[in-house]
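Written below as structure tokens is the structure these notes are about.
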Amino acid sequence: MFQYIIRRVLWTIPVLWLVATVTFFLMHAAPGSPWDAKSTGGRQLDPALEASFNRKYGLDEPLLVQYTTYLKNAVLLDFGESYTKRGQTVAEIIGQGFPYSARIGVLALMLALAIGVPVGIYAALRHNTIGDYLSLFATTISYTLPDFVLAIFLLVVFAVKLGWFPILFSDWRSYILPAVALGTGSAAYIARLTRASMLEALRADYVTTARAKGLRYRAVVVRHVLRNSLIPVLTVIGPAFAALITGTIIIERVFGVPGMGRLFIDSITTRDYPVIMGVTLFYAFIIVLSNLAVDIAYGFVDPRIRSSQ
Amino acid sequence: MSQAIVQAGDTGSVGVAATRRARGLWSDAWRRLRRNRAAVIGLAYIALMLVVAIFAPWLAPYDPNDIPPTAFANTPPVWQDGGTWDYPLGTDSLARDELSRLIYGARISMVVGIVPTMIVVVIGVTYGLVSGWLGGWWDNVLMRLVDVVYAFPSLLLFIIFQAALRDSWLGRSLGGLTLLFVAFAITGWNGMARLIRGETLRLRQQEFVIAARAMGNPPHRIIFRHILPNALTPIIVAVSFTIPGYILAEASLSFLGIGIRPPTASWGSMVFLSFPIVTYLPVFVILPSALIALIMIAFAFVGDGLRDALDPQADRSR
């Protein structure tokens, strides 16, 4: 098991390196520079000033030198300073934006679990009844409905028409609609997963045995079925969280949240190279980490996976 | 001896066929699909959207990118105050006819769903077949590459890709469609490759493939005659989920303002354009959003239906 974990952890290094490399060269392959009139909002920089900026940030050096310098610094967790927000390091900027995204992501995940698991359990226990079919239909629709479309519907109905929530991002109420928009799809997914694994567990031999020895149905469900069927649900929490965190890019745009998503889009339009790299690597790190958590969780749950890779 | 048995069996099956119509995998699946009401509705809706996409120039009352001579910007739809039957769904903030743009938007959604999926199927199936067939060291190397691409967050890559190359010649061609195709193909082939590689590994060990090899068939014939046809059902199911994925990806990127280039009309870019006036005329945001949602739901119904029809024993957990 220990060896398996080490192997999975080491595997994240080439992945992060690849993400850094692809992003770095794609970013620099784009026509234009951070000092363009287009990037700075119409101000055309004096060529001498531009040259001094380039020197300051090392942009006058050959691309490969810049690349190796970046990697060297990144390994030491130094991700540089922003070009547009002078004097702020990338780490500080992410530190300002991430809490908003994280709050929405965590809230959405809690919502997804709080709704998804009970709905799944209900549907499985009422297998092939009208309740089961209705919840299946509801989960299909909510799983399919794109989160940004749902976000727009929620915004129009609850903020614009009914006025229950602020349209512009302001206080704690501003977190609710984004979290609902983001969490609905995951709730549907979790509900379906719970239902499927419950149904499987209900048919298992140990359930028959437990029933045969005279245990009441309720006790069997709580003690045997639930415990076994919630394992797959636990393992999707990692990737679900990663999906929610990256999913906020679009949701944040709808609700005007000053989080990571806005940071990312802004940094791309202004060619803020260090911020683009930093945010991309940060996202990739979250995703890789959550995949890693799942792999390790599966390794614990299912010994076959440990030995096969 | 064995010859005689086969012949006897043949005449037997002919006798059955005379009394009952032959039923193959495909006709069985089609029958099951037709019985699934949601799938039929979804299929009908997709067919309708295809018709709209193909006949857009005849259906649309105006040129989607042109400003009609009598049009004003932000004319509300006919059922609201100030609306006119000249522009039943109103005009957008650049005074272009909303209905015509929605009709042309169906084109972008259909093309952006279908073309990259075809590319992904060709690349992924080839890759998966090669990896699964060769096995061993090659399989290991090829699958590690798949793992790496898999780990790359695709939405991030789309965004960076679009931002970096939007203003290059690639990003300008076909109103930004070409770049979307490339971005989707680069990130999408690996899922298909993984699926087909698994199928190939499974099928390679089945008796009929071993028998075909023992009879001295060359690898290409075994792959195309025996393995690929048997891997067709998972490919079809995967395709039915890949197409809506790309439709949504285009809509999302266009909504962020980095997908389809103006003036080309796409549902996502229409949401993007009208979003600043969402408090004033929400209908211009709602209409394209609703069309995006409907096509996604239609594909989901068809996808679920196809999976149930083609593989009744399939795991229904997802």
Side-chain angles (χ1 to χ4, degrees), chain A residues 11-12 14-16 18-19 22-23 25-32 38 137 140-141 143-153 155-157 159-161 167 189 192-193 195-197 199-200 232 242 246-247 249-250 253-254 261 264-265 268-269 271 276 279-280 283-284 286-288 291, chain B residues 38 144-145 147-157 159-169 171 186 244 247-249 251-253 255-258 267-268 271-272 275 278-280 282-283 285-286 288-301 303-304 315-318:
Chain A
W11 178 235
T12 61
V15 169
L16 287 176
L18 189 87
V19 169
V22 169
T23 311
F25 288 105
L26 261 181
M27 188 173 85
H28 282 276
K38 202 180 152 200
F137 183 76
T140 305
I141 298 287
Y143 184 63
T144 315
L145 201 65
D147 47 13
F148 87 89
V149 170
L150 181 63
I152 285 168
F153 289 166
L155 181 81
V156 168
V157 173
V160 176
K161 295 279 184 209
I167 293 168
Y189 181 73
R192 295 195 130 200
L193 196 67
R195 175 181 175 273
S197 82
L199 286 178
E200 206 183 311
T246 49
I249 294 177
I250 295 162
R253 176 75 163 232
V254 175
F264 188 50
I265 304 289
I268 281 178
T269 46
R271 291 312 183 83
I276 301 178
V279 173
T280 311
Y283 273 132
I286 291 179
I287 292 168
V288 165
N291 287 341
Chain B
R144 283 295 88 85
L145 186 62
D147 282 349
V148 170
V149 179
Y150 201 75
F152 210 109
S154 52
L155 182 66
L156 291 190
L157 189 73
I159 293 176
I160 294 168
F161 220 81
Q162 291 297 324
L165 303 175
R166 244 170 95 70
D167 295 326
S168 66
W169 61 268
I186 285 179
I247 292 177
L248 178 60
S252 308
L253 289 172
F255 170 65
L256 290 175
I258 50 175
W267 296 335
V271 178
F272 170 69
F275 196 68
V278 66
T279 50
Y280 163 58
V283 64
V285 172
I286 292 290
S289 302
L291 287 176
I292 296 166
L294 284 175
I295 195 79
M296 296 298 296
I297 292 170
F299 268 106
F301 282 172
D304 283 348
D315 176 21
R316 296 219 45 190
S317 62
R318 278 150 187 270

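- A heavy-atom distance below 4.5 Å is found between the side chains of K161(A) and P282(B).
- Of the residues considered (I250(A), T140(A), T12(A)), I250(A) shows the highest number of contacts with chain B, using heavy-atom pairs under 4.5 Å.
- Residue L199(A): no heavy atom, backbone or side chain, is found under 4.5 Å from chain B.
- Of the two parts of I268(A), only the side chain, counted from C-beta on, holds a non-hydrogen atom closer than 4.5 Å to a non-hydrogen atom of chain B.
- Using a 4.5 Å cut-off between heavy atoms, F272(B) contacts chain A through its side chain alone, with no backbone atom that close.
- In this structure, chain B has heavy atoms under 4.5 Å from both the backbone and the side chain of L18(A).
- Nearest heavy atom pair, residue G261(A) against residue Y283(A), reads N-OH, 3.6 Å.
- Residue F299(B): no heavy atom, backbone or side chain, is found under 4.5 Å from chain A.
- Contact count against chain B (heavy-atom pairs under 4.5 Å) is highest for V156(A) among I276(A), L145(A), V156(A).
- In this structure, the portions of A251(B) lying under 4.5 Å from any heavy atom of chain A include both its backbone and its side chain.
- I295(B) contributes atom CD1, which lies 12.5 Å from atom OG1 of T144(A) (distance to the nearest 0.5 angstrom).
- Only the side chain of V22(A) comes within less than 4.5 Å of a heavy atom of chain B; its backbone N, CA, C and O stay farther away.
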Open item on the list: Is there a side-chain contact (heavy atoms from CB on, under 4.5 Å) between L26(A) and L157(B)? Walk through the geometry before answering.
Closed with: CA-CA 10 Å; L26(A) 261 181; L157(B) 189 73; 4.2 Å; yes
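- Using a 4.5 Å heavy-atom cutoff, the side chains of I249(A) and L256(B) are in contact.
- Residue contact with chain B, scored on non-hydrogen atoms closer than 4.5 Å, involves the backbone and the side chain of T280(A) alike.
- Around atom CZ of F137(A), no more than 12 heavy atoms belonging to other residues, nucleotides or ligands sit under 6.0 Å away.
- A heavy-atom distance below 4.5 Å is not found between the side chains of I292(B) and F255(B).
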